[in-house]
Protein chains: 2
Amino acid sequence: MPVELRDLRAFLAVAEERSFARAAERLNVAQPALSRRIARMEAELGFPLLARTTRRVEPTPAGTVFAAKARGVLEEMDLAIDAATRTAQGRMGEVCIGYNDFAIGGPLPDVIQAFRAEHDRIWVQLKRAGTEEQLRLLRRGRVDVCFLIGPIVADGLNRHTVWRDRYCAVAAENDPLVAGPDVALADLAARPHVLGDRAGWQAYRERVRRLYTRAEAFPEIVAEGPDTSVVLGLVASGVGVTVYPACIENVFRRGVAFRPIRDVDATLDTLMVWDPDRISPAATTFVEAAIGHCARWPDGRYDTNVRAMPRVMTL
Amino acid sequence: MPVELRDLRAFLAVAEERSFARAAERLNVAQPALSRRIARMEAELGFPLLARTTRRVEPTPAGTVFAAKARGVLEEMDLAIDAATRTAQGRMGEVCIGYNDFAIGGPLPDVIQAFRAEHDRIWVQLKRAGTEEQLRLLRRGRVDVCFLIGPIVADGLNRHTVWRDRYCAVAAENDPLVAGPDVALADLAARPHVLGDRAGWQAYRERVRRLYTRAEAFPEIVAEGPDTSVVLGLVASGVGVTVYPACIENVFRRGVAFRPIRDVDATLDTLMVWDPDRISPAATTFVEAAIGHCARWPDGRYDTNVRAMPRVMTL
DNA sequence: GCGATTGATGCCGTATCGTTATGGGTACAG
DNA sequence: CTGTACCCATAACGATACGGCATCAATCGC
């Protein structure tokens, strides 16, 4: 019968009290139970841990060594339980967040900063991807939470709108298009466009297409890029103009200017999306913190569709 | 009922096998016993460690963390038992050795070097003291083994003669006394002497006194020193001469020369002394190694008085 | 839809553990 | 030297926990 933690506790009590009787009192057991427990453990180990005379009890050299190590074992055990508890309560762990260029240019840095300040035991991983790729990662469990733009087919997924942007016209800073305080959609549509490529920007390109379709305009696309920096680079070079959410105000690119679009009211929502059936405690903590953080923004609340999430997983 | 090590073993088996049935087989228990054990542990912790569907078992985030920590706990436990076992077997620990100037100039460095080469897990502490002080330290348990000169009252102590020295005459190198190949005791006795002081050299002074008494000589003592370096320093300065065991050949002091004493056959034994009733396993290892080492010396064996020592303490 | 597989549950026998009573040996006081 | 107090070990007995068997419920694959 191997040595158990209760054996360690019993032994340490005796070693510290230097008395079976006092140790038994401390452990709230009778003294014979202690004597036998220690004796059994010593038989298991094959050597004595305590040198008993009828008057005094003191650890053998092996007992002294074992006591020190045993304390370490019990401490490790406590730490293990602590860590597991914190993990189960969502106060520790790792959360992997998918994001797109709008989210990282818009609300996400604030959200993450506030979250990390409050939960320094939760490690935040970030993974950049477009809407479709993020949803695929979410289904595979590779990310816990997504920040993306709609539309999404939300079969069983929770969503929360965290940000709402108007659209802006973006052009080279010396372009006459951005000479005035704002831009008419028709003027913008008349120009050749630069857009994110189909691989990662499918959802956004669809939104832009609808924007122009409503105005019966069909701008020509003359260049594409994999991400915002490339698109803005192309815009700065004068290849074309583009349409970008207002979060572009947080993105600095030399040689580029942006203006509100005078006759467009449509907005682009950034959604936080997660799977309530598979979400980890740490990710739950993040989602809750993010929702709370968004609620404090002056723009007010947005529509949300959140099923109840148990704070601690139930047994 | 707190979490025990067997709970950790059970949990790790299930977490690794990802199956209660397979884990039960591995642990040589029936599957229901495992189910109940895990369930009881989860109830104790307050959160689930394993997410079960009827077809698959996988750890929760808390379970993953707990598994990693639990492995550490079990490893610590094994290390604790290992360390205690090694200590009990005298393969690990600390041995505190008392020594005098003759021992450190004679056999002790060799003994310690050979011992440390063979037992790198045993820490060797050294404490310099005279015969009486060493025996006092031994009784108080402050040292495990003594290297000293007799005579000693050995009530219950073990002893082993590890070294035997003839006496030498020591004088300043330009002293006519040491001009020849050896020295007559009467010539030596006629000179003023330097000796170790009474505080730490009581036993040796007694031996020297007897040496001269047998030759009916009573040399004058003109200076004393606390240790060999001081005595030899005084000799080098020409204050007086001294008598020192032949191990002085290992002690270099500029300006000093030594010669055998022509008409003295008496020898000085260095004894290893320990208390067989209180000796630690590590010290037992040392004593055995030292005896073995001494046996390999060309001078042959010396008389010894060693009670049997159990190699491993009995239960 | 049916069998196979997997984990959970109920029941029971047993080993383990804890408690009380007692014994043996030592230190201390008188 | 003797009596007493104290301390740990042992014995006997009762309570608890534990493991094994049989069975049930749920899911997957055919």
Side-chain angles (χ1 to χ4, degrees), chain A residues 1-60 62-63 67 156 277-278 313-315, chain B residues 1-60 62-63 66-67 139 156 277-278 313-315:
Chain A
M1 183 183 308
V3 176
E4 289 294 336
L5 293 182
R6 68 171 60 175
D7 299 321
L8 302 189
R9 284 185 254 270
F11 166 64
L12 285 176
V14 178
E16 285 164 11
E17 298 288 344
R18 297 189 166 247
S19 155
F20 280 71
R22 282 195 299 274
E25 191 176 357
R26 197 172 100 182
L27 295 169
N28 293 313
V29 295
Q31 168 263 316
L34 250 189
S35 287
R36 275 202 319 225
R37 180 165 291 284
I38 302 288
R40 195 190 58 72
M41 176 168 47
E42 289 175 325
E44 165 73 22
L45 291 174
F47 50 85
L49 297 169
L50 296 166
R52 307 113 155 116
T53 69
T54 51
R55 289 308 277 186
R56 191 173 35 247
V57 86
E58 58 182 5
T60 61
D277 295 327
R278 306 179 50 197
M313 299 176 77
T314 52
L315 280 176
Chain B
M1 183 183 310
V3 177
E4 290 294 337
L5 293 182
R6 65 169 61 174
D7 298 323
L8 301 189
R9 284 184 254 269
F11 166 65
L12 285 176
V14 178
E16 285 164 11
E17 298 287 346
R18 297 189 168 249
S19 156
F20 280 72
R22 281 196 299 275
E25 192 176 357
R26 197 172 101 182
L27 297 169
N28 293 314
V29 295
Q31 168 265 318
L34 251 189
S35 287
R36 271 200 300 259
R37 181 165 290 284
I38 302 289
R40 196 191 56 73
M41 176 168 49
E42 289 175 326
E44 166 72 21
L45 292 174
F47 50 84
L49 297 170
L50 295 166
R52 307 115 155 116
T53 68
T54 51
R55 292 308 279 189
R56 193 172 33 247
V57 172
E58 57 183 8
T60 62
F66 194 63
R139 303 229 173 274
D277 295 327
R278 305 178 50 196
M313 299 175 76
T314 52
L315 280 177

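Here the structure is a predicted model, which means the values were calculated and not measured.
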Out of D:dG20, D:dC18, D:dC8, whichever nucleotide has its closest atom nearest the side chain of B:Ala30: D:dG20

Protein-nucleotide distance (A:Glu58, atom CD; D:dC7, atom P), rounded to Å: 16 Å

Rounded distance (Å) that lies between atom P of C:dT16 and atom CD of A:Glu44: 12 Å

Spacing between A:Leu50 atom CG and D:dA9 atom P, to the nearest angstrom: 9 Å

Any side-chain heavy-atom pair of A:Phe11 and A:Leu50 under 4.5 Å: yes

Degree of bending, the helix from C:dG1-D:dC30 to C:dG30-D:dC1 (end axes from five pairs; round to 10°): 30°

Atom pair CZ (A:Arg9) and CZ (A:Arg6), whose distance is rounded to the nearest 0.5 Å: 9.0 Å

All side-chain contact (heavy atoms from CB on, under 4.5 Å) counterparts of B:Glu44, not counting sequence neighbours: B:Val3

For A:Arg22 against A:Glu17, the heavy-atom pair lying closest together: NH2-O, 2.7 Å

Presence of A:Ser19 side-chain N/O under 4.0 Å of D:dC8 phosphate oxygens OP1/OP2: yes

When you compare the protein's N or O atoms with those of nucleotides 8-12 of chain C, which come within less than 3.5 Å of each other, and at what distance?
{"residue": "C:dA8", "atom": "OP1", "partner": "B:Arg52", "partner atom": "NE", "Å": "2.5"}
{"residue": "C:dA8", "atom": "OP2", "partner": "B:Ser35", "partner atom": "OG", "Å": "2.6"}
{"residue": "C:dA8", "atom": "N7", "partner": "B:Gln31", "partner atom": "NE2", "Å": "2.9"}
{"residue": "C:dA8", "atom": "N6", "partner": "B:Gln31", "partner atom": "OE1", "Å": "3.2"}
{"residue": "C:dG10", "atom": "O6", "partner": "B:Arg36", "partner atom": "NH1", "Å": "3.2"}
{"residue": "C:dC11", "atom": "N4", "partner": "B:Arg36", "partner atom": "NH1", "Å": "3.4"}

Interatomic distance, A:Met41 atom CE to A:Met1 atom CE [nearest 0.5 angstrom]: 13.0 Å

Residues which pass side-chain contact (heavy atoms from CB on, under 4.5 Å) with A:Ala21, listed by chain and number, not counting sequence neighbours: A:Ser19

B:Ala24 versus B:Leu34, closest heavy-atom pair with distance: N-CD1, 3.2 Å

Could I get a table of every N or O pair under 3.5 Å where one atom is in the protein and the other is in nucleotides 2-5 of chain C?
{"residue": "C:dT5", "atom": "O2", "partner": "B:Arg55", "partner atom": "NH1", "Å": "2.8"}

Atom-pair distance (CZ on A:Arg37; C1' on D:dC8), nearest Å: 17 Å

Over 12 non-hydrogen atoms of neighbours within 6.0 angstrom of CD in A:Glu4: yes

Rounded distance in Å - CG (B:Asn28) to P (D:dG20): 9 Å

Nearest heavy-atom neighbours spanning B:Ala51 and B:Thr60: N-CG2, 3.9 Å

Given DNA chain C, 5'-ward residue of the pair B:Ala21 and A:Val29, judged by closest heavy atom: B:Ala21

Upstream residue (5' side of DNA chain D) when A:Arg6 and A:Thr53 are each assigned their closest nucleotide: A:Thr53

Any residue meeting ring pair (Phe, Tyr, Trp, His ring centres under 6.0 Å) with B:Phe20, in chain and number order, not counting sequence neighbours: none

Separation of C:dG7 P from B:Glu17 CD (nearest whole Å): 11 Å

Gap between atoms CE and C1', on B:Met1 and C:dC17 respectively (whole Å): 11 Å

Spacing of B:Glu42 atom CD relative to C:dG7 atom P, expressed in whole Å: 13 Å

Heavy-atom check, side chain of B:Ile38 versus side chain of B:Arg52, under 4.5 Å: yes

Crowding at CD, B:Gln31 (>12 non-hydrogen neighbours, <6.0 Å): yes

